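Below is the structure I would like to discuss, written out as structure tokens.
These numbers were taken from a predicted model, which means no experiment stands behind them. These values consider heavy atoms only, across backbone and side chains, with no hydrogens, waters or symmetry-generated copies.
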Amino acid sequence: MSDYGTPPPPPPPYTPDYYSSGAGGAPPPNYLVWAILSTVLCCLPLGVVSIVFAAQVNSKWAAGDVAGAREASNKAKNFAMWSAIAGVVAGILWLVFVVALGSFGSSSMSNGY
């Protein structure tokens, strides 16, 4: 027997996670390049944490954990940003220290000490 008279089942309800996950959508950015650059050039501890979260984005997306992938992407971005900020602040403090040390050394040399 055939069921030509029965209507097809209704489509699943619309939820952003259902239609944006898997092969139908693009995963969120993983910020892996920024994480690596901030680790090498700026602040090692925060950069390593950023790399860990960046590595989790694609695996969580492939597993269907859209919310987890977005959260890992956001955390990777934030830790890379804080790593870069910490590196810039440390660089400025180092520069101020070197300039202060240089001016202290030159003033003591002019006094004959």
Side-chain angles (χ1 to χ4, degrees):
M1 292 216 211
S2 63
D3 293 326
Y4 290 113
T6 8
Y14 175 76
T15 59
D17 290 343
Y18 179 82
Y19 286 102
S20 64
S21 66
N30 60 13
Y31 299 104
L32 187 59
V33 172
W34 292 111
I36 292 171
L37 288 176
S38 67
T39 302
V40 173
L41 300 176
C42 299
C43 180
L44 184 66
L46 294 175
V48 169
V49 175
S50 179
I51 289 174
V52 169
F53 283 116
Q56 292 177 358
V57 173
N58 291 341
S59 60
K60 287 185 177 188
W61 184 264
D65 185 7
V66 176
R70 288 181 181 154
E71 182 180 358
S73 173
N74 192 31
K75 286 181 179 180
K77 178 180 71 171
N78 288 339
F79 277 106
M81 180 180 60
W82 283 110
S83 175
I85 290 170
V88 169
V89 168
I92 290 171
L93 290 175
W94 178 80
L95 186 64
V96 167
F97 176 74
V98 168
V99 168
L101 189 64
S103 66
F104 175 73
S106 66
S107 67
S108 65
M109 294 295 281
S110 64
N111 290 338
Y113 294 109

| task | Would you kindly confirm whether Val52 and Trp34 end up in one hydrophobic cluster when ILVMFWY residues are joined by side chain heavy atoms under 4.5 Å apart? | result | no
| task | Indicate, with yes or no, if Leu46 and Leu93 share a hydrophobic cluster defined by side-chain heavy-atom contacts under 4.5 Å among Ile, Leu, Val, Met, Phe, Trp and Tyr. | result | yes
| message | Taking the side chain as everything from C-beta on, heavy atoms only, tell me whether Thr39 gets closer than 4.5 Å to Ser50. | response | no
| query | Which heavy atom in Val57 sits nearest to a heavy atom in Pro28, and how many Å separate them? | reply | CG1-O, 3.5 Å
| query | In Å and rounded to the nearest 0.5 Å, what is the CG to CZ distance from Asp65 to Arg70? | reply | 10.5 Å
| Measuring from Lys75:NZ to Gln56:CD, what's the distance to the nearest 0.5 Å? | 8.0 Å
| said: Tell me whether Ser38 contacts the main-chain N or O of Ser83 through its side chain, where contact means a donor paired with an acceptor under 3.5 Å. | reply: no
| message | Are Leu44 and Leu41 connected into the same hydrophobic cluster when the rule is that any two of I, L, V, M, F, W, Y join if their side-chain heavy atoms are below 4.5 Å apart? | response | no
| message | Applying a strict under-4.5 Å side-chain criterion to I, L, V, M, F, W and Y, I'd like to know whether Trp82 and Val49 cluster together. | response | yes
| said: Tell me the closest heavy-atom pair linking Ala76 and Tyr31, and the distance in Å. | reply: CB-CB, 4.4 Å
| request: Measure the spacing between CZ of Phe53 and CG of Leu32 and express it to the nearest 0.5 Å. | output: 14.0 Å
| Applying the 4.5 Å side-chain criterion to the ILVMFWY set and letting contacts propagate, would Val89 and Met81 be lumped into a single cluster? | yes
